[in-house]
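Everything on this sheet refers to the single structure shown next.
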Amino acid sequence: VSFSFGSNLRVTIFGQSHSEAIGAVIDGLPAGEKLDFGRIEAFMRRRAPGQSSVSTARKEPDKPRVLSGLVDGVTCGSPVCVIIENTDVRSADYEAMKRVPRPAHADFPAFVKYGGFNDVRGGGHFSARLTAPLCFAGAAALQLLEKRGVNVAARVKSVAGIEDCPIDFVNPDFAALKAAALSDIPVISEEKRQAIRAAISLAKQKGDSVGGVVECFAAGLPAGLGEPIFDGIENRLAAAVFGIPAVRGIEFGAGFAAAEMRGSEHNDAFYMGGPDARTVMTATNNHGGVLGGLTSGMPLVFRAAFKPTASIAQAQRSVDLISETDAELQIHGRHDPCVVPRAAPCVEAVTALVLLDFLLVGK
Ligand SMILES: Cc1cc2nc3c(=O)[nH]c(=O)nc-3n(C[C@H](O)[C@H](O)[C@H](O)COP(=O)(O)O)c2cc1C
């Protein structure tokens, strides 16, 4: 089964888009950690639908209710179980999808895998609704990381080819990233925010959708964290990031561009730096903070590519799985014309969970 990830800190998410509730079980949080609920809810609002003109019209209060694992807001060592009720469901929108699968969505392979018993309402358990409890877990992990001196932040790097300003990989500006996170489109440049908002609105007007890239940074990690070969920082992050729906790819540091570079250009020179000039640092950060699956002590930098939303308002070619004939599909539900702005906190959440998992070794 694949609803869980992590080893020292294990997170399981459950529920479907239109089930009574969705939720998470977070096992392995050390006891005695006070969680700030105001901040958890503020983090979850960054992902919640209905926050802006460029997201789905579905409105969910996303109020988390903790069933276990906390005493007076402090972790007690027992798994934290949280549920979030689904309130704004319109299951009738999905009647057609029981037999006519949406191109680029999970409807068809899910129909085959589950023999037609899968919950198609709102995309069932493939829905991005499940990233709400993931964001609860991630928000808690972010608080624990902060206490351990680790900062994590993600922003929208581009949407529909419109790029936000570059960020220094050696000294990422976390203040700017955190300020960007407060906006409905978490980019640093206001000009680019407006251009992106216009591009998403135009796509929506045309009954279409657009994709983009989320870039994530983490600083304050010690060097040497992680495992080699199959269990490295990149391996585990990639597995968790692909748990966010609509992710198509991930690249670390210079990423795919490294393939076009010379060693002399790509290699990050080491030097003795830090306050006491005894910390091994690199002058550039093309390696994105990971070498051999282990952290180098430099900021972790990676990007995740998100595809354009599958559910678009234009008529599309599909098939009728029951009559086994070609069919036309017209989608009537409420959908995000671009998932990227809401995906940024999801990337931040899974990154925090994976990094905390590594940091909790032997705890
Ligand atoms: C925050 C967020 C919101 C999403 N909203 C929608 C949506 O409104 N409509 C849709 O078709 N897909 C949406 N998706 C993507 C689908 O859930 C996803 O494409 C689908 O489950 C198939 O999985 P795959 O794209 O990873 O292969 C969203 C994804 C994220 C991260």
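In each ligand, atom 1 is the first atom listed, and ligand 1 is the first ligand listed.
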- Consider every N or O of Ser311 and every N or O of ligand 1, then say whether any pair is closer than 3.5 Å. yes
- Query: Which one holds for Asp336 and ligand 1: side chain close, backbone close, both close, or neither close, with close meaning a heavy atom under 4.0 Å?
  - Reply: both
- Message: Which Ile, Leu, Val, Met, Phe, Trp or Tyr residues join Val301 in one cluster when any pair of side-chain heavy atoms under 4.5 Å counts as a link?
- Response: Ile167, Phe169, Phe174, Leu177, Ile188, Phe217
- Query: When only distance counts, is His335 in polar contact with ligand 1, meaning an N/O pair under 3.5 Å?
  - Reply: yes
- Message: At less than 4.0 angstrom from any non-hydrogen atom of Ile244, what atoms of ligand 1 do you find?
- Response: 31 (C)
- Residue portion contacting ligand 1 (non-hydrogen atoms closer than 4.0 Å) for Arg248: side chain
- Query: Heavy atoms, side chains only, cut-off 4.5 Å: are Val11 and Val25 in contact?
  - Reply: no
- Do any N/O atoms on Ala104 end up under 3.5 angstrom from N/O atoms on ligand 1? no
- Message: Under 3.5 Å between any N/O of Phe126 and any N/O of ligand 1: does that happen in this structure?
- Response: yes
- Apart from Phe111 itself, its cluster of hydrophobic side chains linked below 4.5 Å comprises Phe108, Val112, Val319, Leu321, Ile322
- Message: Any nitrogen or oxygen of Lys307, side chain or backbone, less than 3.5 Å from one on ligand 1?
- Response: yes
- Task: Step through it carefully: locate the ring centre of Phe252, locate the ring centre of His287, and say whether they are under 6.0 Å apart.
- Result: no
- Nearest heavy-atom neighbours spanning Ala283 and Val170: O-CG2, 3.5 Å
- Task: Identify the heavy atoms of Gln16 and Leu130 that sit nearest to each other, and give their distance.
- Result: CA-CD1, 4.2 Å
